Structures are given as C-alpha cells and as structure tokens.
Protein chains: 2
Amino acid sequence: MSKILIVENDHKLSNFLEQELQYEGHEVIVANDGINGLTLAREIHPDLILLDRELPKLNGLEVSRRLRLKGDKVAIILLVTKDDIEYRVAGLDAGADDYIVKPFSKEELFNRLKANLRRTTEEDPDQLNFLDLSLNRRTREIKRGDRNIELTATEYDLLEYLISHPRQVLNRDKILEKVWGYDFSGDSNIIEVYVRYLRLKLEANKEKRLIQTVRGVGYVLKE
Amino acid sequence: MSKILIVENDHKLSNFLEQELQYEGHEVIVANDGINGLTLAREIHPDLILLDRELPKLNGLEVSRRLRLKGDKVAIILLVTKDDIEYRVAGLDAGADDYIVKPFSKEELFNRLKANLRRTTEEDPDQLNFLDLSLNRRTREIKRGDRNIELTATEYDLLEYLISHPRQVLNRDKILEKVWGYDFSGDSNIIEVYVRYLRLKLEANKEKRLIQTVRGVGYVLKE
DNA sequence: TTCTACAATCAAAATTTTACTCATAACTAA
DNA sequence: TTAGTTATGAGTAAAATTTTGATTGTAGAA
C-alpha cells in the first residue's frame with residue numbers, strides 16, 4: 001500500500017486513476033493544478049506522483065523541477081501526450097523518473113507504477129499488515145490503527161499465524177499444530193478462549209471485528 | 001491454445017484476425033455486432049475478447065460494461081481508432097483491460113494478446129468457477145457475480161462437490177457418500193433440503209437456476 | 001521462602017447457529 | 001388420474017461457539 005498523489009486537471013482521467021489505484025489498495029490524493037500539486041506534495045510526502053505535463057497555473061515540468069530543487073526524492077511519473085515528444089527528455093531532465101504516453105492501458109500504468117514504487121518503498125519482510133492491524137516480527141509490536149496493543153506470548157503466536165495467512169480460513173487442527181504444537185486435537189476450547197482474548201484486545205475501542213468465526217471449520221482474518 | 005472471441009463488423013479485419021489467430025493455434029469465434037458478441041461471450045466463455053469500439057446494435061463499451069456487470073472476468077481488449085481518444089479512458093472505465101489503436105501491426109496484436117492472456121490463464125487451483133458462480137477452497141468464499149454468499153459447513157460441502165463436477169449428473173448415493181459420509185443412516189430427504197437451502201441462497205437475487213434436478217437420479221450443476 | 005501478578009488452561013453455563021426430521025404441498029411422467 | 005418424486009415450511013434436537021469463572025503454574029518481588 002502506497003500513498004500516491006495524482007496531479008491532473010482532466011477530471012475523467014483523474015477519477016478513473018483514483019478509483020483504480022484505490023481498488024489496488026493505495027491511498028490516493030488528487031490535485032487539479034500545478035500549484036496545488038506542489039503544495040500537496042510537500043505536505044503529505046507521497047510515495048509517488050502521477051504528474052500531468054500540461055497543467056493550469058504551473059506545468060508538470062516546473063512542479064517536478066521545484067520538488068527536486070528542494071531535495072525531494074519522491075518517484076515522479078510524467079503523463080505526456082504523443083505530441084509532447086520534445087518534453088519527454090525535458091521531463092527526465094527536470095527530475096521525473098519515468099513517463100507514460102497518454103492514452104495508456106491499465107496494464108501499462110500498473111507496470112510503470114510497480115517498477116517505480118519498488119525503487120522507493122523497500123518492503124520490510126518482518127512487517128505484517130492487514131488493514132489497520134499491524135504486527136512486527138522483529139519488535140513484536142502490535143498496532144491497531146495507531147493504538148499500541150500488548151499481547152502475551154500465546155496471543156502473539158496466534159495473531160502472527162492469522163496475519164500471515166490473511167483471508168485464508170484456518171482450521172482448528174492447523175491452529176493447534178502451529179500455535180500450540182499439538183499433533184492431535186483434544187477436546188479443549190483453548191483456541192476459542194485465545195480468540196476471545198485477542199478479540200477483546202483488538203476491538204477494545206469498538207473497532208471492526210477482524211477475526212471471523214467460520215462455523216464448523218475455524219477462524220479467518222478478514223474484514 | 002485459447003478461446004478467442006472477435007467482435008468486429010469490418011469483415012476484412014475480422015477475417016484477417018481470425019486467420020492469424022487460428023494460425024497461432026487459437027480457437028476463434030467471430031461475431032459481427034454487439035448483441036451477437038454479448039450473447040456469444042455469455043454462451044461460450046472465451047478466454048479473451050477482441051472488441052471493436054464501434055459496432056452495430058450495441059457498441060463495444062456497452063458490451064464490456066454489461067459483461068462486467070454480470071461478474072464476467074474475461075480479458076477484454078478494445079479496438080479503437082486514432083480518433084477515439086476520448087473513448088479510451090471510458091473503455092478502461094467500462095471494464096476493458098487494454099486497447100489497441102487501429103491500424104495495428106501483427107506484432108503489436110500478439111504482444112497485447114499474450115500479455116492479457118497470461119493474466120487470466122494464471123490459474124489458482126483453489127479457485128473453482130462455474131459461469132458466474134465461484135468458490136475458493138482457501139478462503140471458502142462463495143460468489144455469484146460479485147455478490148458474496150454465506151454458506152454453512154454442510155451447504156459449502158455440497159456446493160463444493162457440485163462445482164467440482166460441473167455438468168455431471170450426481171446421483172443421491174454419491175452425494176450422500178461425499179457430503180455426509182458412507183455411514184449415514186436412515187432414509188431422509190436431507191439432500192433435497194440442502195439443495196433447497198443452496199438454491200435459496202444462490203438465487204436470492206433472481207439469478208438463473210444452476211442446480212438442476214434430474215428426476216429419478218439426482219442433481220447437476222448446469223445452466 | 002512466601003507473595004503477587006499474570007498467563008495458561010480447564011470446565012461449565014449461556015447463547016447462537018446448524019443439522020436434521022417430518023408432514024404436506026407441488027410437480028412430473030406414464 | 002395417479003403413483004412416485006421432489007419441494008417446501010416449520011419445528012426441534014444437537015452442535016458449535018462464546019462467555020464466564022475457577023484452577024494451576026510460574027516468574028519476579030519482597
């Protein structure tokens with residue numbers, strides 16, 4: 001999940017981009033002129049900017065150039081038209097990392113996006129996230145939104161197992177095996193009790209339930 | 001080898017495409033207007049549709065939109081002319097995955113084709129689909145179109161058995177054996193009852209019946 | 001050492017949901 | 001029309017899950 005700023009004054013295009021990127025799980029902010037774009041870029045520090053070359057008030061090249069002047073290293077993809085050929089080199093010169101020629105296909109957009117995001121946002125393999133819930137294997141820190149949560153050893157193991165298999169239904173036997181190390185299922189309700197402990201802590205402030213019951217099977221981490 | 005539907009009313013172009021694609025080893029079906037295209041798409045379930053934007057009776061954008069409305073996930077490539085610029089974004093908005101600008105080279109066509117086929121042919125062995133019905137063994141998610149459906153454990157087992165044998169008539173004994181286990185005692189109408197539960201849920205929005213009765217034998221998943 | 005706090009587990013009551021039965025209605029083929 | 005199926009609606013028993021309280025174990029503090 002990345003924070004993406006769209007600077008585009010064609011509403012149809014910016015709406016489309018906003019929807020598609022949000023659907024992919026990104027946080028999207030839209031500006032419709034160069035001045036707004038520049039201001040927002042400096043305020044919210046996005047991971048990537050989709051920047052139209054042609055913009056009211058301040059064109060894309062200028063926006064890019066001014067950000068770089070201040071040392072901003074954000075990934076910038078310039079949106080240019082076929083007739084903008086002469087600006088492509090100028091754009092890279094002005095600090096853009098890449099450009100896409102309008103009109104472009106979804107596939108093209110996602111490819112460029114992924115390539116440019118990878119460069120700037122290296123992922124931490126110890127950091128597991130699911131919606132507003134996060135668990136860090138290195139620090140054993142658990143957060144719901146920005147509320148810190150303290151877990152006991154067993155609670156932690158159970159949550160780690162759940163969050164490393166998001167949306168997958170985990171049955172009782174597997175949970176017992178992974179978290180408690182049993183090879184057989186006794187007739188104890190230990191799983192239920194720990195699910196309850198976790199729910200109490202994860203939902204302490206009336207947040208949405210994330211650990212769902214799948215009757216007759218087990219549990220699943222799901223919205 | 002893939003099943004490709006061409007919806008194009010320019011005979012010269014559609015013949016050319018048909019020949020080239022057949023030569024590449026694909027199964028090709030041709031429709032020459034939007035209505036036919038839509039009908040065929042729903043009947044034969046192609047892997048990919050080459051869809052002209054401008055078509056008699058129903059234009060390409062409408063065809064695309066209507067397929068997506070019913071939850072169809074087929075890959076769609078829109079064929080647009082240089083003058084259709086304003087439709088390109090609209091096309092992606094209407095659910096197309098990609099577009100090609102006419103006229104295009106053979107190479108361009110094959111490239112786009114390959115890219116878009118790869119995306120849809122990547123199969124998830126846990127994902128079972130039948131028409132607009134889908135079941136995921138990992139997440140136990142059931143969908144009809146894009147409507148989520150909640151099933152109980154027994155309902156799920158029954159549907160999983162049905163959807164993993166599409167179009168095959170399953171007799172009562174086999175169903176009892178697979179879903180309830182051999183040792184099920186007594187003669188009861190438990191299968192009828194559960195078929196009814198499933199039908200109620202799968203057809204909650206007046207969708208077409210998928211679980212058909214085969215009198216004297218059992219049931220079959222079929223349109 | 002004992003005490004205390006807390007984690008882990010067990011057990012049982014309370015609650016919710018599901019599985020199944022049964023009686024009867026509706027349908028179908030001969 | 002009728003016999004044999006299949007569909008339906010309602011009711012009940014059973015199962016699964018949640019919740020609560022009690023018990024046991026353990027590590028650190030006093």
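Since the model is a prediction, treat every value here as computed from it, not as a measurement. Letters A, B, ... mirror the listed sequences (proteins, then strands); counts begin at 1.
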Cut-off 3.5 Å, side chains only: do A:Asn116 and A:Asp97 have a donor facing an acceptor?
no
Would you say the base of D:dT20 and the side-chain of A:Tyr197 have a donor-acceptor pair closer than 3.5 Å?
no
Result for ring-ring contact (aromatic ring centres under 6.0 Å, His included) between B:Tyr194 and one of B:Tyr161, B:Trp180, B:Tyr156, B:Tyr219 points to B:Trp180
Quick one: is C:dT9 close enough that its OP1 or OP2 comes under 4.0 Å of any side-chain N or O from A:Trp180?
yes
Does a sphere of radius 6.0 Å around NZ in B:Lys222 hold more than 12 heavy atoms from other residues, nucleotides or ligands, not counting ones at 6.0 Å or beyond?
no
Side-chain N,O (B:Tyr219) to OP1/OP2 (D:dA7) below 4.0 Å:
yes
Taking only side-chain nitrogens and oxygens of A:Thr213, does any of them come within less than 4.0 Å of OP1 or OP2 of D:dA16?
no
With a 4.0 Å limit, can you tell me whether B:Ser188 has a side-chain N or O closer than that to the phosphate oxygens OP1/OP2 of C:dT21?
yes
Is there a donor N/O on one and an acceptor N/O on the other, under 3.5 Å, for the side chain of B:Asn189 and the base of D:dT5?
no
Expressed as a whole number of angstroms, how long is the span from B:Arg215:CZ to C:dT28:P?
7 Å
B:Asn9 side chain reached by B:Asp33 side chain, heavy atoms, under 4.5 Å
no
Keeping the roles fixed (side chain from B:Arg144, backbone from B:Ile149), state whether a donor-acceptor pair exists under 3.5 Å.
no
Atom pair distance, as rounded to whole Å: CD1 in B:Ile191 and P in C:dT21:
12 Å
Is the closest side-chain heavy-atom distance between A:Tyr197 and A:Leu151 below 4.5 Å?
no
Within the structure, does a side-chain N or O atom of A:Arg172 lie under 4.0 Å from either OP1 or OP2 of D:dT17?
yes
Output yes when at least one side-chain N/O atom of B:Arg196 is less than 4.0 Å from OP1 or OP2 of D:dG9, else no.
yes
Atom CZ of B:Arg209 to atom P of D:dT6: distance rounded to whole Å?
14 Å
Check this one for me: any side-chain N or O of B:Thr154 less than 4.0 Å away from OP1 or OP2 of C:dT18?
no
Which dot-bracket notation, 5' to 3', represents the base pairing of DNA chain C when pairs are defined as Watson-Crick or G-U with both distances under 3.5 Å, crossing pairs as [ ], and inter-strand pairs as |?
||||||||||||||||||||||||||||||
How many whole angstroms separate atom CD of A:Gln212 from atom P of D:dT18?
10 Å
